[in-house]
Amino acid sequence: DFGKSWKDFPSALKLLLRNPTLVFLCLAGASESFLVGAFSTFGPKYVENQYNQSPGLAAILSGAAILPGAALGSIIGGILMKKLKLACRGMLKLCMVFVVCAMACLLVFLLRCPNITFSGVTQTYGNSSAEKPSAEANL
C-alpha cells in the first residue's frame with residue numbers, strides 16, 4: 001500500500017533522490033535540454049551579429065549545425081552503448097563524460113569578429129570636426 005496516500009510522499013521522494021541512476025539521468029536530460037534550447041533560440045542571432053549574416057542565412061546555418069549534430073549524437077551514442085556493452089553505471093559515466101565535453105564546446109562562443117565600421121556608430125563621419133546642423137530642418 002506504499003504510495004497510496006500523501007503521507008508516503010516524503011519517503012518516496014527520499015527514495016527517488018537516493019537513486020543515482022535517476023538523479024544523473026535527470027541532470028543529463030536537463031543539461032541537454034538547456035543546451036539545445038539555448039542554441040536554437042540564441043544561435044541564429046549570434047551568427048547574425050558576429051559573422052554579419054542575414055537573419056535568414058543565420059537561421060539556416062544554425063539549423064544546419066543543430067539537426068545533423070543531434071542526429072549523429074544519438075546514433076553514435078547508441079552505437080557506443082551497444083559496442084561497449086555498458087551496464088547502467090557505465091552508461092551514466094559515458095553520458096556524464098559527453099555532457100562535460102558538450103559544456104566545454106560552449107567555449108567556441110568566446111570567438112569574436114571585429115566590429116564592422118558603421119558611420120556615426122563605431123566611427124565618426126567623413127570630417128573630423130563635429131559640426132552642428134546648419135538648419136532647423138536638419139534637426
Count I, L, V, M, F, W, Y as connected when their side-chain heavy atoms are under 4.5 Å apart, and connections chain through other members. Are [X] and [Y] then in the same cluster?
{"X": "Phe24", "Y": "Met91", "value": "no"}
{"X": "Val108", "Y": "Phe34", "value": "yes"}
{"X": "Ile79", "Y": "Leu84", "value": "no"}
{"X": "Val36", "Y": "Leu107", "value": "no"}

Exercise. Shortest non-hydrogen contact from Met81 to Leu94?
Worked result: CE-CD2, 4.0 Å

Problem set entry | Nearest non-hydrogen partners of Ala59 and Pro44, listed with the distance |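 That closest heavy-atom pairing would be CA-CB, 4.0 Å.
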
For this session: For Lys93, check salt bridge (Lys or Arg N to Asp or Glu O under 4.0 Å) against everything at least two apart and list the hits.
Result: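 So Lys93 forms no salt bridge (Lys or Arg N to Asp or Glu O under 4.0 Å) with any residue.
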
Point-to-point distance, once rounded to the nearest 0.5 Å, from [atom1] of [X] to [atom2] of [Y]:
{"X": "Ile60", "Y": "Ser54", "atom1": "CD1", "atom2": "OG", "answer": "7.5 Å"}
{"X": "Tyr46", "Y": "Tyr51", "atom1": "OH", "atom2": "OH", "answer": "4.5 Å"}
{"X": "Leu15", "Y": "Leu22", "atom1": "CG", "atom2": "CG", "answer": "10.0 Å"}
{"X": "Lys83", "Y": "Ile76", "atom1": "NZ", "atom2": "CD1", "answer": "13.5 Å"}
{"X": "Leu16", "Y": "Phe9", "atom1": "CG", "atom2": "CZ", "answer": "9.0 Å"}
{"X": "Ser62", "Y": "Glu48", "atom1": "OG", "atom2": "CD", "answer": "10.0 Å"}

For this session: Please assess Val23 against Asn19 for the test side-chain contact (heavy atoms from CB on, under 4.5 Å), listing each intermediate value before the final yes or no.
Result: CA-CA 6 Å; Val23 170; Asn19 184 350; 5.7 Å; no

Exercise. Side chain of Ser33, backbone of Ala30: donor and acceptor closer than 3.5 Å?
Worked result: no

Problem set entry | Donor-acceptor contact below 3.5 Å, side chain Ser11 vs main chain Asp8 | yes

For this session: Using the side-chain contact (heavy atoms from CB on, under 4.5 Å) rule, take Phe98 and Leu80 through it: C-alpha gap first, then chi angles, then the decisive distance, then the call.
Result: CA-CA 12 Å; Phe98 282 123; Leu80 276 174; 3.8 Å; yes

